[in-house]
Chemist: 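There's a structure below that I have some questions on.
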Amino acid sequence: MKNPLANLMQQAQNMQENLKKAQEELAATQIAAESGGGLIKLTLNGKREILSLRIDDSLLTDDKEVLEDLIIAALNDGMRKVSKLKEEKLSGLAGGFELPAGLKLPF
């Protein structure tokens, strides 16, 4: 019979490897977000870094506050999408471990 501690350590190592791989995949993933019906578009990665920002020319003549609100809305849309993607990607990584209620995996 295999040592239960050795089995547990192997599972932990596998989980750590899978987590690292998932983090690398997430960092390389690009997520599109927008607001104002596409007048503001941005792209960010899984590390929540903004890669690009596009502002429709029609907004450049609008009120500054409107432009600021639309940029904030697009950023919030992107952050929600990244959070959802991370939750989906990392949800199965416990690999048989029973994590305590409320404990979340890194990032």
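The figures that follow rest on heavy atoms only: side chains count, while hydrogens, waters and symmetry mates do not. Computed from a predicted structure; not experimentally measured.
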Chemist: Measure the spacing between CE of M15 and NZ of K20 and express it to the nearest 0.5 Å.
Modeler: 15.5 Å
Chemist: Within the side chain of N45, is there an N or O that forms a donor-acceptor pair under 3.5 Å with the backbone of R48?
Modeler: yes
Chemist: Return the minimal non-hydrogen interatomic distance between A74 and I40, and the atom names on each side.
Modeler: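 A74 and I40 have their closest heavy atoms at CB-CG2, 3.6 Å.
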Chemist: When rounded to the nearest 0.5 angstrom, what distance separates CG in L44 from CD in E49?
Modeler: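 CD of E49 is found 9.5 Å from CG of L44.
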Chemist: Just checking M79: does its CE atom have more than 12 heavy atoms from other residues, nucleotides or ligands closer to it than 6.0 angstrom?
Modeler: yes
Chemist: Which residue pairs pass the side chain to side chain donor-acceptor pair (under 3.5 Å) test when at least one of the two sits in residues 24-35, sequence neighbours left out?
Modeler: E25-K89
Chemist: Which distance, rounded to the nearest 0.5 Å, do you find between the CD1 of I31 and the NZ of K86?
Modeler: 8.5 Å
Chemist: What's the spacing between D63 CG and E68 CD if we round to 0.5 Å?
Modeler: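 It comes to 8.5 Å.
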Chemist: Is there a donor-acceptor contact under 3.5 Å from the side chain of K81 to the main chain of A32?
Modeler: yes
Chemist: Distance check, rounded to the nearest 0.5 Å: I72 atom CD1 versus L67 atom CG?
Modeler: 10.0 Å
Chemist: Donor-acceptor pairs are to be reported for all side-chain atoms of residues 51-58 against protein atoms at under 3.5 Å, with residues two or more places apart or in another chain.
Modeler:
| unit_1 | atom_1 | unit_2 | atom_2 | d |
| --- | --- | --- | --- | --- |
| S52 | OG | T43 | OG1 | 3.2 |
| D56 | OD1 | S58 | N | 2.9 |
| D56 | OD1 | S58 | OG | 2.6 |

Chemist: Just verifying a value: how many Å separate K21 NZ and Q16 CD, rounded to the nearest 0.5 Å?
Modeler: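 Interatomic distance, K21 NZ to Q16 CD, rounded to 0.5 Å: 15.5 Å.
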Chemist: Output all residues satisfying side chain to side chain donor-acceptor pair (under 3.5 Å) with E65, sequence neighbours left out; order by chain, then residue number.
Modeler: none
